[in-house]
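Below: one structure, written as structure tokens.
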Amino acid sequence: MKWLNILLASLIIWALFQQQFGDGGRKELQEKQLLLASQQAEIEVLKQRNEKLSAEVSSLKTGLDAIEERARAELGMIKEGETFIQVINQPENQK
């Protein structure tokens, strides 16, 4: 009977050790939860970026103002009859 108690106690200790540190144990669960949280944060950032891009695409599809603004800012285009004046600031070390 004494050996049976020792065997059962050692099996319980082994099972508790496996639950804590074995495959699928609490330590692994905590690591997975941290990974999940970081990936959910990344997904939120990407969702916000997608919303901004979607709004920009719809603006470009429907309005000519957005197209004109991009042409002016990125391509330096001007309308007929407009005068383009560019102001260049001198660097601080050359003053």
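Taking CG from Leu7 and CD1 from Ile12, the interatomic distance works out to 10.0 Å, rounded to the nearest 0.5 Å. Expressed to the nearest 0.5 Å, how far CG of Leu53 lies from CD of Glu51 amounts to 10.5 Å. With rounding to the nearest 0.5 Å, the separation of CD in Glu56 from OG in Ser54 is 10.0 Å.
Nearest heavy atoms, Ala55 versus Ser58: O-OG, 2.9 Å.
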N/O donor to acceptor pairs below 3.5 angstrom from side-chain atoms of residues 28-40, sequence neighbours left out:
from, atom 1, to, atom 2, distance (Å)
Glu28, OE1, Gly24, N, 2.8
Ser38, OG, Leu35, O, 2.9

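Trp3 belongs to a hydrophobic cluster with Ile6, counting contacts under 4.5 Å between side-chain heavy atoms of Ile, Leu, Val, Met, Phe, Trp and Tyr, direct or through other members.
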